[in-house]
Amino acid sequence: MTQPVNPADIHNTILAQQKAEDRKKLAINTVFIAILLVAPFVLYPVFLMKILCFALFAVAFNLLFGFTGLLSFGHAAFLATGGYTTGYLLSQHSGLTTELGILAGTLVATVLGLAFALLSIRRQGIYFAMVTLALSQLVFFFYVQSPFTGGEDGMHGIPRGELFGLISLEDNHNMYYFVLAVFIACYVLVQRVVSSPFGQVLRAIKQNEPRAVSLGYNVDRHKVLAFVISAALAGLAGSLKSVVFQLASLNDAHWHMSGEVILMTLVGGMGTLLGPVVGAIFVVNVEYQLSQGPLRDWVDPILGGIFVLTVLAFRNGIVGQVQKFVRKNLG
């Protein structure tokens with residue numbers, strides 16, 4: 001006769017697996033942070049800050065697309081809104097500290113994200129994507145026509161100022177560690193969100209929305225909240241980017257930018273925490289290397305080819321493929 005299964009043994013096994021998974025995540029995060037801490041002494045800090053800003057943008061988008069299953073073609077609107085708001089406030093109000101300017105840009109992007117969510121969240125699939133694209137284009141044309149943005153010339157000379165009125169952000173290393181601290185805080189926040197009961201509901205919505213509805217969850221409310229959090233983080237990325245480069249331009253509001261963040265997420269690994277970061281590093285480096293060589297006029301076609309190749313052959317992305325290989329060969 002087979003021995004009866006002890007529920008306590010099952011519970012202990014699950015706890016042991018969870019602890020092992022937590023230790024693995026802690027080890028990966030520790031190594032990742034250690035590399036980022038020493039990186040500005042090896043590589044150009046401004047280039048690293050560009051990667052961090054786009055990595056935060058991709059992490060924000062992945063929360064909506066990778067974990068909730070909502071494909072937005074309008075996330076460039078939040079990146080640009082954060083950048084323009086922060087740039088305008090810091091340029092026009094010399095007494096405003098940098099952190100307050102960044103918070104203001106993030107807040108305006110959050111409000112815009114709520115408006116986008118309320119207008120689009122009841123649509124699904126391609127209809128949802130098209131509504132977000134249309135709304136994003138409205139925002140783009142608003143920034144084209146608005147005099148405070150500088151139109152096609154952009155907004156230049158945004159002051160970096162001082163952090164808390166004490167630390168000069170004109171120094172690239174000081175600015176880098178500020179951006180790094182914000183990025184790590186946001187990354188940990190997203191990690192906590194996707195690991196929480198709220199995050200589990202988002203996964204359930206992505207996998208089978210009708211079943212989530214049948215279980216009694218308010219699906220629309222969860223989608224709206226996920227959209228707003230994603231928009232806020234995207235706006236924060238735009239605010240940081242405008243301070244780093246002391247520039248806000250229409251490139252951040254263009255639909256190409258929305259396509260670029262989709263590419264970063266897919267190449268790195270949709271639905272994984274580290275995937276968007278790896279994707280941002282990959283895409284930013286490819287763009288930089290190509291722009292410095294004879295293929296500078298072929299950057300967009302090459303990125304398009306990478307996108308098609310990823311969708312057809314590597315749908316799990318870089319991180320997803322590595323995880324699949326580890327599970328298959330190392331257990």
Side-chain angles (χ1 to χ4, degrees), residues 46 49-50 52-57 60-61 72 74-117 119 132 135-172 174-176 178-179 181-183 185-186 227-258 260-261:
V46 175
M49 285 187 278
K50 180 179 180 180
L52 287 176
C53 291
F54 279 110
L56 178 56
F57 185 32
F61 176 78
S72 168
H75 255 53
F78 312 125
L79 183 77
T81 296
Y84 276 127
T85 303
T86 298
Y88 177 78
L89 291 176
L90 293 179
S91 298
Q92 299 299 318
H93 303 279
S94 58
L96 188 69
T97 59
T98 304
E99 66 275 8
L100 289 179
I102 291 173
L103 285 174
T106 304
L107 178 61
V108 174
T110 303
V111 174
L112 182 65
L114 177 60
F116 270 44
L119 290 170
T132 57
L135 293 172
S136 178
Q137 288 300 100
L138 287 176
V139 173
F140 173 78
F141 288 119
F142 169 76
Y143 289 139
V144 170
Q145 300 295 330
S146 297
F148 81 94
T149 65
E152 295 183 356
D153 295 327
M155 186 183 293
H156 299 270
I158 298 171
R160 286 187 177 180
E162 295 180 339
L163 182 63
F164 306 120
L166 300 172
I167 303 172
S168 174
L169 296 178
E170 296 297 333
D171 182 273
N172 282 333
N174 290 344
M175 188 72 215
Y176 171 80
F178 170 59
V179 174
V182 174
F183 170 77
C186 293
F227 199 112
V228 170
I229 295 173
S230 179
L233 294 177
L236 177 57
S239 296
L240 288 172
K241 183 173 176 289
S242 68
V243 175
V244 168
F245 292 99
Q246 300 180 278
L247 167 71
S249 70
L250 285 174
N251 288 336
D252 291 343
H254 202 274
W255 67 267
H256 282 172
M257 185 60 71
S258 294
E260 196 164 308
V261 75

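Values below: every heavy atom of this structure, side chains too, minus hydrogens, waters and symmetry copies. For this chain, numbers begin at 1 and follow the sequence in order. Bear in mind that the values here come from a model prediction, so they are computed numbers and not experimental data.
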Inset, instruction - Check whether any side-chain heavy atom of L240 sits under 4.5 Å from a side-chain heavy atom of F183, and report yes or no. - result: no

Inset, instruction - Please report the C-alpha distance between L236 and V182 in whole Å, then the side-chain angles of each, then the deciding distance to 0.1 Å, and finally whether the side-chain contact (heavy atoms from CB on, under 4.5 Å) criterion is met. - result: CA-CA 9 Å; L236 177 57; V182 174; 3.7 Å; yes

Legend entry - F164 side, atom CZ; L169 side, atom CG - distance, nearest 0.5 Å: 9.5 Å

Inset, instruction - Calculate, to the nearest 0.5 Å, the distance between atoms CG and OG1 belonging to L112 and T85 respectively. - result: 9.0 Å

Legend entry - Other residues, nucleotides, ligands: >12 heavy atoms within 6.0 Å of Q92 CD: yes

Legend entry - Working for side-chain contact (heavy atoms from CB on, under 4.5 Å), residues D252 and K241: CA-CA 10 Å; D252 291 343; K241 183 173 176 289; 3.0 Å; yes

Inset, instruction - With the side chain counted from C-beta on, respond yes when L119 and L135 share a heavy-atom pair under 4.5 Å apart, and no when they do not. - result: yes

Inset, instruction - Answer with yes or no after comparing the ring centroid distance for F78 and F57 against a 6.0 Å cut-off, counting only values under it. - result: no

Legend entry - Aromatic ring pairing Y143/F148, orientation class (parallel under 30°, perpendicular over 60°, tilted between): perpendicular

Legend entry - T81 side chain to A109 backbone, donor-acceptor under 3.5 Å: no

Inset, instruction - Mind checking the OG-CE spacing from S242 to M155? Nearest 0.5 Å is all I need. - result: 8.5 Å

Inset, instruction - Verify the distance criterion only: is there a donor paired with an acceptor across the side chains of R160 and N172 at less than 3.5 Å? - result: yes

Inset, instruction - Evaluate the side-chain contact (heavy atoms from CB on, under 4.5 Å) criterion for residues M175 and D171: first the C-alpha distance (whole Å), next the side-chain angles of each, then the deciding distance (0.1 Å), finally the verdict. - result: CA-CA 6 Å; M175 188 72 215; D171 182 273; over 6 Å; no

Inset, instruction - To the nearest 0.5 angstrom, please state how far the CE atom of M257 sits from the CG atom of L250. - result: 11.0 Å

Inset, instruction - Report yes if the side chains of T98 and L163 come closer than 4.5 Å at any heavy-atom pair, otherwise no. - result: no

Inset, instruction - Assess the side chains of Y88 and T149: does a donor N or O sit below 3.5 Å from an acceptor N or O? - result: no

Legend entry - Heavy-atom side-chain proximity of H75 to F116 below 4.5 angstrom: no

Inset, instruction - Indicate whether the side chain of S168 and that of E170 have a donor and an acceptor atom separated by less than 3.5 Å. - result: no

Inset, instruction - Could you go through the side-chain contact (heavy atoms from CB on, under 4.5 Å) check for I167 and F178 one step at a time? - result: CA-CA 10 Å; I167 303 172; F178 170 59; over 6 Å; no

Inset, instruction - Look only at the side chain of S72 and the backbone of T132, and say whether a donor-acceptor pair between them is shorter than 3.5 Å. - result: no

Legend entry - Given H156, M49, K50, the one that forms side chain to side chain contact (heavy atoms under 4.5 Å, CB included) with F245: K50

Inset, instruction - Quick one: pull up CD in E99 and OG in S239 and give me the separation to the nearest 0.5 Å. - result: 12.5 Å

Inset, instruction - With the side chain counted from C-beta on, respond yes when V144 and F140 share a heavy-atom pair under 4.5 Å apart, and no when they do not. - result: yes

Inset, instruction - Classify the angle between the aromatic ring planes of H254 and H256 as parallel (below 30°), tilted (30 to 60°) or perpendicular (above 60°). - result: tilted

